[in-house]
Amino acid sequence: MSIKIAIYGVGLIGGSLALCFKGKPGITVIGHSNNPKSAQKYLDRHVVDIATTSFEEAALDADFIFICVPVGNLEEYLRRLSELPLKSGCVITDVGSTKASIATCARRTDWSSMGVTFIGGHPMAGSERSGVEAASTLLFENAYYVLTPEEDVEEEAYHRLEELLKYTRAQIVRVDPKLHDDIVGAISHLPHLIAVALVNQVRQYNDTNPLYQSLAAGGFRDITRIANSDPYIWRDILLNNKNVLLGLLKDWNDQVASFIDILNREDGEGIIQEFTQAGAFRSQLPERRKGMITSLYDVYVDVPDEPGVIGHIATELGNQHLNLSNLQIIESREDVPGVLRLSFRNEKDWDRAQQVLPILGFTVYV
């Protein structure tokens, strides 16, 4: 039996899905872009079997349709699909990081009368790189892939999509759309807001004293790195999940007010309790599970201030076929162990580096 999969938006997520499906028995992957150059790029990089700039052609006779465009464009694409004569039995899904709004939009169309099913989806994996150039068959491996079907969705359609997504090697999780937005708001959207606010607060201090920027390396840069995310993508996400975030920000303000009270009362035991409770909960979080916020594969190394030592490390890692994505000398080390930060693109190289560097005589911290 042949299966046709249409993917609208073949970037990091859409391209990685395409690579997971492409070449599997009986599967044909079609990629759509409004830009002819992008469509040609999909073919040149062998990400899809067929590429087209025709919206209708991509959807024609498709068994599965993946909408992998920015959150702000999801409803438009869903509306346009509702106007086409889609194949009976077709399953439409998306990859947006908010689910309640697209579920509401989908309910406006009587998909069942067309023999079509919509099931919201959210692969909880990403990369600090973007675009089809960063697409990888390994992007979703061991990550959570959340599906958010409505209560009236036929189980047969859900299981067909679930079965297809096994090619991604992700762990499929079924969640209510509203609950999804509550959870993702707390573990991803709120942290992004806090990081942006914190960086902007320090930026304002830096306007009167540049020493703030000079010393804000190391730990500060690490805990606020998500403030460097794409502002247009996050504009759409945050506005889309506005109501959830307003509630979360109220709760955050309560947490801040509690710390203000603890400090005003000089309550040392209260500080210890807050750090202890946070540390205990954080220690229970999974360390090697892909999630909403991209994992860092960093190794910190103590190195002597000698000519050629950094080049020696880079050469030895290269000899071991370990791919460095970044290398940074740390000047402000208040919160960071080690004077040299080595960043790797994947967990395998990260693990191997921790074995190789001590053999070379270097002290390693992770």
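From a predicted model like this one, the values you see are computed outputs, not experimental measurements. Sequence positions, counted from 1, serve as the residue numbers for this chain.
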S.K.: Can you confirm whether Arg282 is buried at CZ, in the sense that more than 12 heavy atoms of other residues, nucleotides or ligands lie under 6.0 Å from that atom?
M.R.: no
S.K.: Hey, are the side chains of Phe21 and Leu165 touching, using non-hydrogen atoms and a 4.5 Å cut-off?
M.R.: yes
S.K.: Over all heavy atoms of both residues, which pair between Pro358 and Ala353 is shortest? Give the atoms and the distance, please.
M.R.: CD-O, 4.2 Å
S.K.: Hey, does the side chain of Thr52 reach the backbone of Ser54 with a donor-acceptor pair shorter than 3.5 angstrom?
M.R.: yes
S.K.: Between Arg160, His159, Lys166, which is the residue that forms a side-chain hydrogen bond (donor to acceptor under 3.5 Å, both in side chains) with Glu163?
M.R.: Lys166
S.K.: To the nearest 0.5 Å, tell me how far Ile262 CD1 sits from Glu274 CD.
M.R.: 4.5 Å
S.K.: Report yes if some heavy atom in the side chain of Thr93 is under 4.5 Å from a heavy atom in the side chain of Phe64; otherwise report no.
M.R.: no
S.K.: Salt bridge between Glu155 and Arg174, side-chain N to carboxylate O under 4.0 Å?
M.R.: yes
S.K.: Looking only at side chains, do Arg203 and Asn200 share a donor and an acceptor under 3.5 Å apart?
M.R.: yes
S.K.: Can you name the nearest heavy-atom pair linking Leu198 to Thr224, along with the distance?
M.R.: CD2-CG2, 3.8 Å
S.K.: Give the minimum heavy-atom separation between Gly11 and Ala135, together with the two atoms involved.
M.R.: O-CB, 4.1 Å
S.K.: When rounded to the nearest 0.5 angstrom, what is the spacing between CG in Leu190 and CD1 in Ile194?
M.R.: 4.0 Å
S.K.: For Ser16 and Leu139, which heavy atoms make the closest approach, and how far apart are they?
M.R.: OG-CD2, 3.4 Å
S.K.: More than 12 foreign heavy atoms under 6.0 Å from CD of Glu266: is that the case here?
M.R.: no
S.K.: If you measure from the Lys or Arg side-chain nitrogens to the Asp or Glu carboxylate oxygens, is any gap between Asp94 and Lys99 under 4.0 Å?
M.R.: yes
S.K.: Kindly check if the number of other-residue, nucleotide or ligand heavy atoms within 6.0 Å of CG (Asp230) is above 12?
M.R.: yes
S.K.: A side-chain contact here means heavy atoms from C-beta on lying under 4.5 Å apart; do Leu342 and Ile313 qualify?
M.R.: yes
S.K.: Taking atom OG of Ser188 and atom CD1 of Ile183, what is their separation to the nearest 0.5 Å?
M.R.: 12.5 Å
S.K.: Check whether any side-chain heavy atom of Leu164 lies under 4.5 Å from a side-chain heavy atom of Ile5, and answer yes or no.
M.R.: yes
S.K.: For Val47 and Lys22: C-alpha separation, side-chain torsions, deciding distance, then whether side chain to side chain contact (heavy atoms under 4.5 Å, CB included) applies.
M.R.: CA-CA 7 Å; Val47 176; Lys22 187 173 180 288; 5.8 Å; no
S.K.: Looking only at non-hydrogen atoms, find the nearest pair between Lys87 and Val116 and report the distance.
M.R.: O-CG2, 3.9 Å
S.K.: As an exercise, state the distance from CD1 of Ile187 to CG of Leu248, rounded to the nearest 0.5 Å.
M.R.: 11.0 Å
S.K.: When you group the ILVMFWY residues by side-chain heavy-atom contacts below 4.5 Å and let the links chain together, are Leu238 and Leu246 in the same group?
M.R.: no
S.K.: May I ask you to decide if Ile260's main-chain N or O and Asn264's side chain share a donor-acceptor pair within less than 3.5 Å?
M.R.: yes
S.K.: Nearest 0.5 angstrom please: His122 NE2 to Tyr144 OH, how far?
M.R.: 14.0 Å
S.K.: Considering only NZ, NE, NH1 and NH2 on the basic side and carboxylate oxygens on the acidic side, decide whether Glu75 and Arg79 come within less than 4.0 Å.
M.R.: no
S.K.: Assess whether side chain to side chain contact (heavy atoms under 4.5 Å, CB included) is satisfied between Ile233 and Val71, documenting all intermediate values.
M.R.: CA-CA 7 Å; Ile233 289 176; Val71 169; over 6 Å; no
S.K.: Would you say Asn73 and Tyr8 make side-chain contact, with heavy atoms under 4.5 Å?
M.R.: no
S.K.: Under a single-linkage definition using a 4.5 Å side-chain heavy-atom cutoff for Ile, Leu, Val, Met, Phe, Trp and Tyr, are Val132 and Ile30 assigned to the same hydrophobic cluster?
M.R.: no
S.K.: Which is it for Ser33 and Val10 under the side chain to side chain contact (heavy atoms under 4.5 Å, CB included) test, yes or no, and what are the steps along the way?
M.R.: CA-CA 7 Å; Ser33 174; Val10 189; over 6 Å; no
S.K.: Is there side-chain contact between Val48 and Leu43, with at least one heavy-atom pair below 4.5 Å?
M.R.: yes
S.K.: For the residue pair Gly121 and Tyr145, what are the closest heavy atoms and their distance?
M.R.: CA-CE2, 4.4 Å
S.K.: Find out if a path of hydrophobic residues (ILVMFWY) with successive side-chain heavy-atom gaps under 4.5 Å connects Leu161 to Tyr158.
M.R.: yes
S.K.: Within a radius of less than 6.0 Å around NZ of Lys24, do more than 12 heavy atoms belonging to other residues, nucleotides or ligands occur?
M.R.: yes
S.K.: So among Lys41, His46, Gln40, which one has a side-chain hydrogen bond (donor to acceptor under 3.5 Å, both in side chains) with Asp44?
M.R.: Gln40
S.K.: Using 30° and 60° as the class boundaries, would you call the ring planes of Trp234 and His189 parallel, tilted or perpendicular?
M.R.: perpendicular
S.K.: Apply side chain to side chain contact (heavy atoms under 4.5 Å, CB included) to Tyr167 and Thr137, showing your working.
M.R.: CA-CA 9 Å; Tyr167 286 121; Thr137 56; over 6 Å; no
S.K.: What I'd like to find out is whether the side chain of Asp110 reaches to under 4.5 Å of the side chain of Arg108, using heavy atoms alone.
M.R.: no
S.K.: Does atom CD of Gln277 have more than 12 heavy-atom neighbours, drawn from other residues, nucleotides or ligands, at distances under 6.0 Å?
M.R.: yes
S.K.: Cluster question for you: counting only ILVMFWY and a side-chain heavy-atom cut-off of under 4.5 Å, with indirect links fine, are Ile27 and Ile50 together?
M.R.: no
S.K.: Less than 4.5 Å apart, any side-chain heavy atom of Val95 and any of Leu17?
M.R.: yes
S.K.: Once rounded to the nearest 0.5 Å, what's the spacing between atom CD1 of Ile7 and atom CD1 of Ile13?
M.R.: 11.0 Å
S.K.: Report, as yes or no, whether the 6.0 Å neighbourhood of atom CD on Glu154 holds more than 12 heavy atoms from other residues, nucleotides or ligands.
M.R.: no
S.K.: Are the side chain of Asp176 and the backbone of Leu179 linked by a donor-acceptor contact shorter than 3.5 Å?
M.R.: yes
S.K.: According to a 4.5 Å side-chain heavy-atom criterion applied to Ile, Leu, Val, Met, Phe, Trp and Tyr, with indirect links allowed, do Ile67 and Phe55 form part of one hydrophobic cluster?
M.R.: yes
